[in-house]
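Data block below; observations after.
We count residues from 1, following the sequence as given.
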Amino acid sequence: MTEDSPMRFREPAALAWQSPVEVVCPRCGSRATVRENDVGYRLTCTRCPLAVDGGSERHVLVDGRLVVLQWKHGAWHDPAVDRYVSVFRAREGEEPVFGLPLWLRTECCGGHLLWANNEEHLGYIESYVGATLRESVGLSTVLPTWMKLAKNREDILRSLHRLRTTLAPG
């Protein structure tokens with residue numbers, strides 16, 4: 001490929017960046033990780049001894065009403081209507097189970113919140129934003145418009161690089 005050739009983004013077949021999720025430790029402010037396990041989720045810090053099992057209940061909005069979802073059989077269950085809920089929205093830039101701020105988040109492009117769940121998610125966003133030719137399929141179709149604009153490409157890529165440096169050991 002020559003330098004003048006456009007970079008192409010193709011949606012990956014599998015999105016492996018949903019777990020683990022890197023978050024800010026509520027005890028010490030360092031990087032912590034939320035991983036799914038057999039009974040819900042486990043929060044562990046990379047610096048302090050924090051290790052919390054939890055996430056068996058979550059207060060969320062479902063179909064416009066506040067409910068307490070329960071973690072049952074590997075999925076969130078709404079006991080009020082006795083059904084499983086496949087998706088609910090967490091607040092932007094927060095991990096949905098413990099409600100903690102994501103480790104990989106920063107302001108970008110005039111006040112927009114740029115965030116990623118983990119290193120793989122960073123790579124996905126870098127690939128998408130860095131490409132000049134993009135397929136309009138899959139998850140990339142729901143990215144915010146500001147992230148798709150060519151005029152924001154350099155600012156986003158700089159911000160992603162800054163976020164990536166926070167993952168380095170040390």
Side-chain angles (χ1 to χ4, degrees), residues 11-12 14-62 66-79 84-130 138-148 152 155-170:
E11 190 76 30
L15 301 175
W17 46 260
Q18 296 175 342
S19 182
V21 177
E22 306 292 340
V23 297
V24 176
C25 175
R27 182 181 287 166
C28 73
S30 294
R31 188 170 103 204
T33 303
V34 176
R35 294 182 191 280
E36 189 171 3
N37 62 28
D38 294 337
V39 294
Y41 292 84
R42 182 168 182 84
L43 167 65
T44 53
C45 182
T46 58
R47 186 170 182 211
C48 76
L50 179 70
V52 177
D53 287 315
S56 60
E57 288 191 348
R58 183 75 173 143
H59 299 259
V60 298
L61 281 175
V62 176
L66 186 61
V67 298
V68 179
L69 297 179
Q70 298 171 340
W71 184 257
K72 289 173 65 174
H73 311 294
W76 291 108
H77 180 258
D78 181 351
Y84 287 90
V85 179
S86 58
V87 177
F88 66 88
R89 285 197 161 261
R91 286 190 289 213
E92 187 176 35
E94 286 187 2
E95 185 275 333
V97 176
F98 291 94
L100 296 171
L102 296 175
W103 180 256
L104 299 169
R105 67 188 233 172
T106 190
E107 197 171 282
C108 182
C109 303
H112 294 286
L113 185 62
L114 176 63
W115 57 268
N117 287 336
N118 55 36
E119 189 169 11
E120 290 80 13
H121 195 192
L122 271 179
Y124 174 88
I125 298 168
E126 284 170 335
S127 294
Y128 179 83
V129 171
L139 187 64
S140 60
T141 61
V142 297
L143 290 173
T145 301
W146 65 267
M147 198 177 285
K148 298 176 183 182
N152 292 331
D155 191 15
I156 295 169
L157 291 174
R158 270 191 307 277
S159 296
L160 291 169
H161 177 73
R162 272 195 317 274
L163 289 175
R164 188 174 290 286
T165 62
T166 69
L167 293 172

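Distance check, rounded to the nearest 0.5 Å: CD1 of I156 to OG1 of T106 gives 12.0 Å. Atom CG in L163 sits 12.0 Å away from atom CD in E22 (nearest 0.5 Å). The CE atom of M147 lies 11.0 Å from the CG atom of D155; values are rounded to the nearest 0.5 Å. Here the OG atom belonging to S159 is positioned 11.0 Å from the CD1 atom belonging to I125, to the nearest 0.5 angstrom.
A salt bridge does not link E94 with R105: every distance from a Lys NZ or Arg NE/NH1/NH2 to an Asp or Glu carboxylate oxygen is 4.0 Å or more.
Contact of the L122 side chain with the L104 side chain is registered, since non-hydrogen atoms from C-beta on lie closer than 4.5 Å. Using a 4.5 Å cut-off on side-chain heavy atoms (C-beta onward), C108 and L113 make no contact. The shortest side-chain heavy-atom distance between T33 and W103 does not fall under the 4.5 Å cut-off.
Residues passing the side-chain contact (heavy atoms from CB on, under 4.5 Å) test with R27 are C25, C48, P49, L50, sequence neighbours excluded. Every residue meeting the salt bridge (Lys or Arg N to Asp or Glu O under 4.0 Å) condition with R42, not counting sequence neighbours, appears here in chain and number order: D53. Looking at residues two or more places apart in sequence or on another chain, you find a ring pair (Phe, Tyr, Trp, His ring centres under 6.0 Å) between H77 and Y84.
Counted by atom type alone, R162 and T165 present zero donor-acceptor pairs between their side chains at under 3.5 Å.
Aromatic ring orientation, H112 versus W146: parallel (interplanar angle below 30°, classes split at 30° and 60°).
Scanning all heavy atoms of the two residues, the minimum distance from W115 to N117 falls at CZ3-OD1, 3.7 Å. The shortest heavy-atom contact between N118 and P20 is ND2-O, 2.6 Å. Closest heavy-atom contact between L157 and E126: CD2-O, 4.0 Å. What you find for A116 and L102 is that their closest heavy atoms are O-CD1, 3.9 Å.
Under a 3.5 Å cut-off, the side chain of K148 and the backbone N or O of T141 do form a donor-acceptor pair. Proximity of a side-chain donor or acceptor of R31 to a complementary backbone N or O of L167 within less than 3.5 Å is detected.
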Pair V34-F98, side chain to side chain contact (heavy atoms under 4.5 Å, CB included): steps then yes or no: CA-CA 8 Å; V34 176; F98 291 94; 3.9 Å; yes
